[in-house]
Amino acid sequence: MSLTIERLNFRYPGTDIGVHDINLSIGHGELLAVIGSSGSGKTTLLKLIAGFETADNGRVFIDGEDITRLPVRHRRLGIVFQSYALFPHMTAWENVAYPLKLRKRGQRERRDKAFEALARVGLAGFEDRRPPILSGGQQQRVALARALVFAPKILLLDEPLSALDASLRGEMRDEILRLQREFDIATIHVTHDQEEALSMADRVAVMESGRLVQVATPLELYDNPATRSVAGFVGESNLWDGAVVSEDTVEVAFGLLKTEPHGFGIGRRVTVMVRPENVRIGGGEDGCNHFHGTVVRDRFFGATRRYDLAVGAGIILGQTGQRRPIESVKICPKDVRLLES
Amino acid sequence: MEKNQYLCNSACYKLNWLVYEAPIMGFATLLYLTYLFIPILLLILGSFGQTWTNTLFPSGVTLGWYHELWTDGSFRRAFLVSMEVVTGTCVFCSLLAVPLAYSLYRSASKRVMVAARIVFLLPIAAPPLVLAFGFILVFTSDAAPWLGSVWLLVAGHVVLTLPYLLQTLVSDMRHLGLEELEAAAESLGAGFGRRFRDIVLPLLRHSLGSGLIMVAALSIGEFQLSNLIAGFLYRPYPVVLLQAFYGATGFACAATVILLALALLASAGGALMARFASR
């Protein structure tokens with residue numbers, strides 16, 4: 001099943017906060033991650049799709065059917081809440097069987113299907129336990145089983161990993177992805193964790209002040225962010241203010257930087273973006289931009305090392321796996337991106 | 001050297017606590033418990049004592065006062081009236097408090113929240129005496145001549161005890177995060193009725209139970225309002241108990257011990273009823 005959102009607008013009464021002019025479509029079996037900082041409108045968008053809020057205007061379609069005004073309970077959407085929202089007075093299997101009970105399935109069928117769903121999420125043997133005595137990861141799995149057991153049209157995940165320990169997060173990320181592929185269901189995954197979004201999603205939508213600023217594949221988003229704010233939000237990056245001096249050169253605080261032909265007019269103010277992993281150690285005559293400087297901050301992360309190199313009036317953030325002292329770096333033109341300022 | 005210094009300090013703190021703080025705290029607790037239980041102990045002793053005049057303890061042992069109480073028609077009747085009033089109060093409080101607390105919890109309106117705060121403060125702001133005079137004025141009129149009926153007693157007790165039950169329920173709803181649980185149920189296909197029956201009521205059973213214990217205990221011991229609005233036919237136990245103090249000390253003690261037992265019984269009954277209702 002697919003989901004289409006057309007010109008969706010919503011404002012919380014008496015404020016300017018909400019979502020504005022959202023156009024989005026998600027194909028069958030696709031996983032779309034919605035990312036953005038706090039207050040960017042990503043949870044509001046999820047609420048509008050789920051039906052917990054009603055749009056001021058615009059429409060939401062599932063497989064061509066307009067569900068904009070349909071009550072939540074008739075939308076048939078599987079939702080995994082941030083806090084899991086498991087019913088504490090029911091056992092794991094009763095939680096999973098609840099949507100089937102609402103659909104008037106027989107006791108035997110409910111029990112069988114709930115047990116089967118729990119087995120699919122790796123919780124066989126935990127059926128009779130109540131949520132308070134399950135671990136965070138196990139509760140997450142019960143919530144997933146409950147959201148999927150009644151064959152929903154779309155799966156909505158509201159920051160499902162944020163309540164988990166960092167060690168469990170990676171495991172659950174793989175588990176969610178496995179289940180999503182297995183059930184072959186269109187999924188919207190709202191998160192503030194860009195690493196989570198990049199590693200799981202087929203496409204990523206970035207939201208800012210209630211608007212969608214870019215929807216792209218993780219690779220496209222990382223390599224060619226549409227705006228300075230997207231570049232700043234998705235991954236680490238050097239973002240320098242610059243001015244175009246020729247068709248393949250920009251001037252930044254610490255000197256001139258050669259780029260590939262960029263198409264911006266001469267004199268234009270731009271944002272220059274270079275990812276830290278594209279700042280390489282060493283010199284040489286290879287057509288790249290070379291800079292000498294002093295390391296003013298050095299952070300060791302195990303496999304990698306991130307450093308700030310002071311060059312004139314500017315700072316270059318670099319990343320390397322090498323441990324030797326750093327005095328000069330090079331940035332090749334193909335790694336320089338110019339963005340609208 | 002530094003480590004030894006730390007260990008010494010830690011040990012010193014422990015010693016200080018054992019030598020000074022623990023005995024003081026223990027003594028204060030003992031004093032408080034003595035203050036709390038001595039009147040109850042003396043009442044129990046007095047209820048079994050034959051005579052008790054100008055002495056620290058009563059003399060002689062008898063069950064006569066309880067027998068006299070049992071055979072006294074007015075006390076037996078008051079006992080039954082009190083049980084009726086407590087049961088009625090618990091039932092009406094449950095019926096009113098659950099939907100009211102739910103509406104208060106779900107309401108985003110500031111006005112409703114202010115109204116709720118006023119209701120919560122009502123027992124403090126309006127003492128039972130004030131309420132009783134209001135009841136007398138309203139329910140002696142020809143339009144509503146119900147002063148002295150059991151139903152009016154129940155109504156009065158509901159007004160006095162409802163805020164306590166409401167407060168217990170609303171804070172439990174906040175603690176449970178009921179809103180999100182209901183949103184989850186709704187997304188799974190549950191309409192309002194199903195959510196209320198399957199999620200809200202079962203989750204509130206504990207707070208309803210503890211709240212009803214409080215309601216029952218308050219209702220059974222209520223005197224100020226009951227004394228003014230109860231007629232001669234339907235006087236609850238505390239109102240009749242007042243008469244006992246004009247007679248023999250042993251009889252008054254026995255009557256008070258029965259009130260205490262009645263309060264405990266009512267509390268247990270309230271809790272049992274809530275558990276039964278939540279199944």
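Proteins get letters first, then strands, A, B, ... in listed order; numbering begins at 1 in each. All of these numbers come straight from a predicted model, not from anything done at the bench.
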*Report the residues that fulfil ring-ring contact (aromatic ring centres under 6.0 Å, His included) with A:Tyr12, sequence neighbours left out, ordered by chain and then residue number.*
A:Phe10
_Any donor-acceptor N or O pair under 3.5 Å, side chains A:Asp56, A:Asn9_ = no
_Donor-acceptor under 3.5 Å (A:Asp202 side chain, A:Leu31 main chain)_ = yes
*Is A:Glu116 salt-bridged to A:Lys113, cutoff N-O under 4.0 Å?*
no
*asked:* Using the rule side chain to side chain contact (heavy atoms under 4.5 Å, CB included), only one of A:Met200, A:Arg181, A:Glu196, A:Glu171 pairs with A:Ile176; which is it?
replied: A:Met200
*Have A:Thr68 and A:Asp66 got a donor and an acceptor in their side chains that come within less than 3.5 Å?*
yes
_Those residues of residues 72-101 of chain A, ordered by number, that approach chain B below 4.5 Å (heavy atom to heavy atom)_ = A:Val72, A:Arg73, A:Leu77, A:Ile79, A:Phe81, A:Ser83, A:Ala85, A:Leu86, A:Phe87, A:Pro88, A:His89, A:Met90, A:Tyr98, A:Pro99, A:Lys101
*Any chance you could measure A:Thr187, atom OG1, to A:Leu155, atom CG, to the nearest 0.5 Å?*
4.5 Å
_Residues in residues 127-152 of chain A near chain B [non-hydrogen atoms, under 4.5 Å]_ = A:Arg146, A:Phe150
Which pairs would a plain distance check flag for residues 183-196 of chain B, meaning a side-chain donor or acceptor within less than 3.5 Å of a matching protein atom at least two apart in sequence or in another chain?
from	atom 1	to	atom 2	distance (Å)
B:Ser187	OG	B:Ala184	O	2.7
B:Arg194	NE	B:Asp198	OD2	3.0
B:Arg194	NH2	B:Asp198	OD2	3.2
B:Arg195	NE	B:Glu182	OE1	3.0
B:Arg195	NH1	B:Ala190	O	3.3

*asked:* Would the distance check show the side chain of A:Arg169 and the main-chain N or O of A:Leu164 forming a donor-acceptor pair, the cut-off being under 3.5 Å?
replied: yes
